[in-house]
Amino acid sequence: MAYAAATMTSEPWIVHKFGGSSLADADCFRRVASIVDSRQGVPRAVVVSAVGGVTDRLLRMVDQARTRDNGYKDGLAAIRADHERLADELLANESARQAFQTSFDASCTDMADVLHATALIGSEVPQVRDVVAGAGELWSAQLLAGLLQQDAADDSVDWLDAREVLVIEHSELGPDVLWDESRQRLRRRLGDFHGTVVITGFIARDRDGVQTTLGRNGSDYSASIFAALLDASQVNIWTDVPGVMSADPRLVAESAVIAELTYDEAMELAYFGAKVLHPRTMAPAVDSGIPIYIRDSAAPTTAGTRIGSKASASSVVKGITAIDGMALVNVEGAGMIGVPGTAWRLFGALRDAGISVVLISQGSSEHSICFAVRDEHAGRVSGVLSDAFRPELDTGQLQSIEVTPGCSILAVVGDGMAGIPGVAAKVFGSLGRAGVNVRAIAQGSSERNISAVIDDSDTVRALRAVHAGFYLSPQTLSIGFIGPGSVGSVLLEQMSGEATRLADELNLDLRVRALATSRHMVLDERGIELDGWRDRLGANGTPLDLSRFADHIKTEHLPHSLIIDCSSSDIVAAEYAGWLGRGIHIVTPNKKANSGSFEYYQQLIRERRAGDARFLYETTVGAALPIIQTLRDLRETGDRITRIEGIFSGTLAYLFNLYDGTRPFSALVREARELGYTEPDPRDDLSGMDVARKVVILGREMGLELELDDIQLESLVPEVLRDCSIEQFLDGLADYDHVIAEVYRQAANAGEVLRYIGRLEADGSASVGLTPVSADSAFAHINLTDNIVQFQTARYCDNPLVVQGPGAGPAVTAGGVFADLLRLAGYLGASV
Ligand code: ADP
Ligand code: ASP
Ligand code: MG
């Protein structure tokens with residue numbers, strides 16, 4: 001091939017590399033051509049991968065031929081057709097089209113022969129895979145060169161088969177470039193050519209001239225090798241994402257482009273799974289300080305990622321990656337303690353067996369060594385090590401060699417981590433809160449990388465949890481919402497109204513992925529638009545199935561799951577224990593669970609601990625008033641509670657605040673009902689049961705073993721009116737007006753007023769009922785529907801601690817549930 005000296009220039013070379021994803025079809029090729037724009041005078045090397053997916057298809061054909069599956073013939077025919085179609089679409093110039101066809105035909109014939117021979121032998125000659133796999137790059141390079149040539153209209157464009165110049169040698173650490181020989185060959189080939197040369201990525205030759213490859217995804221490496229050989233000023237790696245992202249965008253949708261990386265950071269990310277770059281790409285560029293840009297071929301004007309020797313430290317952690325398909329090996333034995341050379345023998349044995357070790361972690365006691373290898377080597381590790389340590393195993397100095405397949409390595413990378421305390425705590429805190437079990441940990445002494453070995457099945461959840469933990473993406477909560485009734489619907493409105501602010505200011509993404517009424521539910525993978533929840537339930541609701549509901553919420557790929565129960569259902573409450581045990585957090589104003597049987601209450605505590613889940617229920621007593629939190633603070637700081645006393649029902653507070661004997665009690669009840677101050681059935685309030693439940697909740701919070709039955713309960717619903725209709729009840733209640741009137745009169749004579757009070761003593765005695773209180777006491781002077789609670793404690797003995805304020809109403813209650821939700825988010829790592 002003769003290279004013409006197109007433009008004599010002293011300008012340095014620029015290297016572009018286009019991956020298979022940027023060469024998927026004819027439009028992609030045209031876009032690539034416009035990016036390269038060969039008419040400009042700067043000398044360019046354009047390194048190409050095979051057309052998207054072709055290398056995989058070629059390798060599949062080798063496997064088929066080896067196993068004598070004739071499918072390889074169809075595979076070859078399909079690949080032929082695809083490339084011919086591309087040539088038809090791209091090469092308008094008949095002679096260019098013909099030149100491609102001639103070379104392509106010859107190449108396909110050779111390939112058919114090689115595959116045929118492989119099928120005949122029924123096994124694979126070592127070089128066959130490399131020869132077949134590398135053909136894709138030869139074809140794509142010729143197609144692109146043809147296209148650029150026809151646009152350039154002179155001989156400033158040519159193509160180069162990298163096997164002519166790039167000489168490598170395979171060592172234990174991978175391919176090594178023979179730099180001097182390669183440089184000489186390239187110089188000889190290019191002469192004083194300074195146009196645009198399209199170069200095949202991926203392929204090379206060995207010392208003997210035999211075709212070989214740089215390994216899968218190796219075209220990135222080819223690009224930086226050619227950049228070094230050409231003393232290029234920069235390498236542009238064009239791909240299908242906007243740069244190196246803070247995590248694999250297929251797994252973490254919120255990942256963002258990293259503007260700058262150091263070579264070391266990029267290497268760590270690539271080594272631990274960021275497929276966007278081959279891990280070796282950086283090495284040739286480091287020595288000459290050539291910057292590498294990762295850019296999006298579909299958006300060529302965007303900046304992408306710059307990789308160089310220095311990078312601005314925008315954040316402590318730059319990116320998080322994961323590689324799956326790992327096995328963890330744990331070698332344990334007292335005989336390893338203080339014995340020099342054990343690790344050397346161990347890793348030597350693995351090296352001799354060709355098993356490479358991806359990560360090593362050794363406890364300082366030297367009692368065990370733990371390391372990770374690729375899953376495909378897992379089967380051999382045990383045998384190799386048993387052979388190497390036979391004497392130690394026989395004498396018991398080495399106790400076990402345990403291999404756990406199905407693991408992943410999660411790596412958190414950033415130069416800025418060095419010397420910053422707390423980074424590891426944040427990584428493992430995020431993993432712990434997302435319920436990810438960490439099997440082994442390794443941190444390089446450079447502190448650039450913290451790696452954790454986890455179960456394969458936890459990978460996505462772990463990636464997202466750590467990504468969010470470092471505020472690289474919002475903390476996402478997978479939320480199941482039950483009971484969009486009076487409180488629930490207001491809460492949904494509040495959440496919808498605050499969603500943008502929470503996302504912007506607190507980096508919090510509240511995703512309601514399931515919504516249920518007592519009969520129906522809607523499940524949504526991405527999250528339900530909160531503004532339109534009524535329509536969604538109406539149009540797509542399916543019958544309620546609480547176990548499906550919980551399964552949907554507890555999804556593997558989102559780190560945190562939460563159920564908000566705004567119903568008052570005991571059927572739902574009965575599910576809490578199971579949910580907590582599975583690590584689903586619960587936020588609720590529903591009193592049924594905490595005031596159910598004591599046995600269930602204890603089960604809730606056990607399951608909550610087992611599942612490491614949070615259970616927040618501040619609004620079960622006094623709506624949003626800080627009653628439970630106050631009680632907890634008192635107890636946890638060592639105060640001793642002697643008595644809790646209070647008005648816990650807004651309805652009953654209202655009734656007795658108004659009642660002064662002038663109007664019958666039954667008339668006030670009727671009026672309160674009409675004003676919406678009572679439950680639809682006022683007996684739910686007047687029975688005192690609701691107050692009794694609150695007292696039980698507080699009692700248990702105090703540490704008392706209290707059942708509902710233990711409460712001395714004075715119901716204001718006469719026995720005979722308990723089972724009749726609401727109307728009958730309201731009418732019948734008038735017959736009892738005189739009873740209340742009499743109690744009121746007696747109290748008034750003694751300078752007292754009536755209040756419906758719940759009381760709890762440290763010895764466990766508890767009562768709920770109508771109680772006369774002094775007309776100048778705090779209980780006598782509350783606003784209409786206020787709640788008031790007095791805590792008498794060792795510290796607050798002379799003057800009780802009082803919490804008072806509106807203790808009911810949808811808006812305040814919903815606000816209280818929302819506050820619990822944000823408290824939970826804060827605990828899970830959001831910056832609230
Ligand atoms: P090409 O064909 O251009 O060589 P690859 O498929 O080899 O492209 O690499 C690009 C792909 O790498 C992206 O489409 C993306 O799915 C994946 N990827 C994995 N991790 C990352 C990451 N951290 N940043 C960007 N892309 C990533
Ligand atoms: N075509 C090769 C592969 O698929 C090399 C590359 O794309 O980088 O592995
Ligand atoms: Mg690639």
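Order of listing sets the numbers, starting from 1, for every ligand and every atom in it.
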Considering heavy atoms of the protein only, find what lies nearest to atom 18 (N) of ligand 1 and give residue, atom and distance to 0.1 Å. D248 OD1, 3.8 Å

Under 4.0 Å from any heavy atom of R216, which atoms of ligand 2 are there? 3 (C), 4 (O), 9 (O)

Would you mind telling me if ligand 1 is within reach of the side chain of M245, the backbone, both or neither, using heavy atoms under 4.0 Å? both

Regarding N217, does it place an N, O or S atom less than 2.8 Å from the Mg ion (ligand 3)? yes

G20 to ligand 1: N or O pair under 3.5 Å? yes

Run the side chain to side chain donor-acceptor pair (under 3.5 Å) test on D324 and T459 for me, step by step, so that the C-alpha distance in whole Å, both residues' side-chain angles and the decisive distance to 0.1 Å come before the verdict. CA-CA 8 Å; D324 52 12; T459 311; 5.9 Å; no

Any donor-acceptor pair under 3.5 Å linking the side-chain atoms of T262 with those of D415? yes

With a 4.5 Å limit on heavy-atom distance, are the side chains of S224 and I290 in contact? no

Distance only, no hydrogens: is a donor on one side chain within 3.5 Å (strictly under) of an acceptor on the other, for S246 and H467? yes

Shortest protein heavy-atom distance from atom 7 (O) of ligand 2, along with the residue and atom involved: S49 OG, 3.1 Å

Could you tell me which atoms of ligand 1, counted from 1 in the order shown, lie closer than 4.0 angstrom to a heavy atom of K275? 5 (P), 6 (O), 7 (O), 9 (O), 12 (O), 19 (C), 20 (N)

Within the 4.0 Å heavy-atom shell around S21, which atoms of ligand 1 are there? 1 (P), 2 (O), 3 (O), 8 (O)

Pair D176, S171: side-chain N/O donor-acceptor within cut-off below 3.5 Å: yes

Within the 4.5 Å heavy-atom criterion, are M61 and I79 side-chain neighbours or not? yes

Let's go through I323 and R374 carefully: what are the C-alpha distance in whole Å and the side-chain angles of both, what is the deciding distance for side-chain contact (heavy atoms from CB on, under 4.5 Å) to 0.1 Å, and is it a yes or a no? CA-CA 10 Å; I323 13 175; R374 299 215 143 273; 4.2 Å; yes

If you measure from each non-hydrogen atom of S49 to ligand 1, which part falls under 4.0 Å: side chain, backbone, both or neither? neither

heavy-atom search around atom 26 (N) of ligand 1 in the protein gives V276 CB, 3.4 Å

Within 4.0 Å of some non-hydrogen atom of K17, the atoms of ligand 1 are 4 (O)

Whether W139 and H83 hold their rings parallel, tilted or perpendicular, with breakpoints at 30° and 60°: perpendicular

Test of understanding: given a 4.0 Å heavy-atom threshold, classify the contact between E137 and ligand 2 as side chain, backbone, both, or neither. side chain

Short list, please: which atoms of ligand 1 are under 4.0 Å from a heavy atom of A274? 20 (N), 23 (N)

Below 4.0 Å from ligand 2: does a non-hydrogen atom of G218 turn up there or not? yes

Does T321 approach ligand 1 within less than 4.0 angstrom via side chain, backbone, both or neither, non-hydrogen atoms only? neither

What residue and heavy atom of the protein are closest to atom 16 (O) of ligand 1, and at what distance? R250 NE, 2.9 Å

Just go through A247, S297, G53, P249 and tell me whose heavy atom is the nearest to atom 27 (C) of ligand 1. P249

Student check: side-chain heavy atoms of V128 and V132 closer than 4.5 Å: yes

Is any side-chain heavy atom of T118 less than 4.5 Å from a side-chain heavy atom of Y72? no

Before signing off on this row, confirm whether N217 and ligand 1 have an N or O atom pair separated by under 3.5 Å. yes

Relative to the heavy atoms of V244, which atoms of ligand 1 are at a distance of less than 4.0 Å? 24 (N)

Which protein non-hydrogen atom lies closest to atom 13 (C) of ligand 1, naming both residue and atom, and how far is it? D240 OD1, 3.5 Å

Where do D456 and G325 come nearest, in terms of heavy atoms and distance? OD1-N, 3.7 Å

Under 3.5 Å between some N or O of ligand 1 and some N or O of T239? yes

Taking all non-hydrogen atoms of both residues, which atom of Y221 and which atom of T281 are closest, and how far apart? N-OG1, 3.8 Å

Validation row: V198, Q142 side chains within 4.5 angstrom (heavy atoms): no

Counting only heavy atoms closer than 4.0 Å, does ligand 2 sit against the backbone of T55, its side chain, both, or neither? side chain

May I ask you to check whether S246 has an N/O atom sitting below 3.5 Å from an N/O atom of ligand 1? no

Min side-chain heavy-atom separation K73-Q64 under 4.5 Å: no

